[in-house]
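Each chain gets a letter, A, B and so on, in the order its sequence line appears, and its residues count up from 1. These numbers come from a predicted model, not from an experiment.
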Amino acid sequence: MTVWLTILLAGLVTYTTRLSFIQVYGRRQIPAWIARSLRFVPPAVLTAIIFPELLMQDGGLNISIGNFRLLAGIVATLVAWRTKNVMLTVLAGMLVLWTLQIIF
Amino acid sequence: MEEELSPETTTPAGEFLAGLRDELPILVGVFPFGFIYGVIAIGAGLSPLTAQAMSAIVFAGSAQMLMAQLYGVGTPGVVIALAAAIVNLRHLLYSASLAPYLRKLSAPWKWLLAYLLTDEAYAVTIIHYHKSRRAPSPDYRHFFLLGSGLALWSTWQLSTAAGILLGTQIPASWSLEFTLTLTFIGLVVPSLKDRAGAAAAITAGVAALLAFALPLKLGLVVGSLAGIIAGLIVERRQ
């Protein structure tokens with residue numbers, strides 16, 4: 001599939017979810033099991049991306065002090081937990097990563 | 001009884017400007033996000049045209065970041081679109097939540113406002129709608145969503161363009177693509193308010209690691225589904 005088809009398909013699916021209930025309001029109510037599942041979607045999807053990004057290196061699990069991304073990710077998690085601020089989280093994580101890359 | 005309304009709820013222009021005004025503080029955070037998307041998209045090998053087209057057609061920040069990243073590691077298009085669809089499922093909730101306020105609008109209005117329905121526009125709009133207990137008459141509140149939505153749309157397109165133009169001058173050793181992972185951490189961690197949410201996140205992460213070797217990046221899908229199921233189970237037990 002070409003890049004353009006991928007973009008169009010993703011755009012179509014995204015637009016359909018946005019329009020869904022605005023279009024059919026009054027005729028359909030949101031099914032209860034979908035409504036209950038929805039709030040778990042963002043944390044599940046995002047963490048499924050985050051864990052491999054932090055822990056997998058060259059196709060293998062790397063849980064060690066030498067894994068700079070893991071260390072930066074742990075600091076970012078603490079900052080996110082304390083401050084609830086996305087920009088501060090990104091800044092703290094990048095500062096840790098850059099510092100470790102410069103020193104070692 | 002007479003409904004007490006602030007002046008901006010009485011005219012289309014007033015509603016539109018109120019939407020713009022309420023969206024402004026959010027735009028400060030959106031611009032760097034769009035810029036980084038532009039940088040990552042070019043770094044992942046997308047052409048400037050396709051990178052910008054994604055901002056216009058998909059118009060969803062975290063999904064676009066994810067799509068660019070998956071594209072960069074050679075993921076098949078179907079899986080990329082599926083991942084974007086999963087990430088964007090939350091818009092169902094926004095759509096359901098705003099639908100009662102927009103029910104009297106013509107079809108073209110609904111189609112336009114649905115296109116502009118992002119996290120950021122929804123956030124300010126639903127707060128604005130909750131302020132008025134009864135629908136004002138005549139009701140011009142859809143102009144509020146139009147204002148906030150267009151403000152976000154313009155900022156997103158401009159910041160994407162800026163990232164595309166300046167992105168090639170940023171060396172790979174800066175590891176700017178890592179800001180995406182950090183952004184996701186910044187979004188997820190504060191959102192974990194109860195055990196069910198935490199269970200969903202941790203299960204998804206561990207399952208994604210276990211399923212990492214699966215072809216077509218299916219580990220992401222397996223991990224997400226495992227996390228959602230774990231969240232539902234823990235919620236039911238509470």
Which atoms of B:L66 approach chain A - backbone, side chain, both or neither, heavy atom under 4.5 Å: side chain
B:F184 portion near chain A, given a 4.5 angstrom heavy-atom threshold: both
Residues of residues 75-82 of chain A contacting chain B, heavy-atom criterion under 4.5 Å, by residue number: A:A76, A:T77, A:A80, A:W81
For the student: nearest non-hydrogen atoms of A:F40 and B:A200, plus distance: CD2-CB, 3.7 Å
Portion of B:I229 that has a non-hydrogen atom of chain A nearer than 4.5 angstrom: neither
Toward chain B, the part of A:I50 with a non-hydrogen atom under 4.5 Å: both
Atom pair CD1/CD1 of A:I49 and B:I185 - distance to nearest 0.5 Å: 11.5 Å
Close side-chain approach of A:R18 and B:F59, heavy atoms under 4.5 Å: yes
Distance (rounded to the nearest 0.5 Å) between B:L182 CG and A:E53 CD: 10.0 Å
Between CZ on residue A:F51 and CG on residue B:L209, distance to nearest 0.5 Å: 7.0 Å
A:F21 CZ to B:L93 CG distance, which is reported to the nearest 0.5 Å: 9.0 Å
Distance-only polar pair, side chains of A:T14 and B:N88, donor-acceptor under 3.5 Å: yes
Nearest non-hydrogen partners of A:P43 and B:V188, listed with the distance: CA-CG2, 4.3 Å
Under 4.5 Å from a heavy atom of chain A, the part of B:L116 involved: neither
Structural part of B:P100 lying under 4.5 Å from a heavy atom of chain A: both
Residues in residues 231-238 of chain B near chain A [non-hydrogen atoms, under 4.5 Å]: B:G231, B:L232, B:E235, B:R236
Proximity of residues 92-104 of chain A to chain B, residues having a non-hydrogen atom under 4.5 angstrom: A:G93, A:M94, A:L97, A:W98, A:Q101
Chain B contact via A:L91 - which portion, at a heavy-atom distance below 4.5 Å: neither
Contacting moiety of B:D119, where chain A heavy atoms sit under 4.5 Å: neither
Backbone N/O of A:I22 and side chain of B:S95: donor-acceptor pair under 3.5 Å: yes
Inter-residue atom distance B:L117.CG - A:T17.OG1, 0.5 Å rounding: 8.5 Å
Residues of residues 62-72 of chain A with any heavy atom under 4.5 Å of a heavy atom in chain B: A:R69, A:A72
Among the listed options A:V45, A:T89, A:T47, the residue most often paired with chain B at heavy-atom distances under 4.5 Å: A:T47
Inter-residue atom distance A:S20.OG - B:L89.CG, 0.5 Å rounding: 10.0 Å
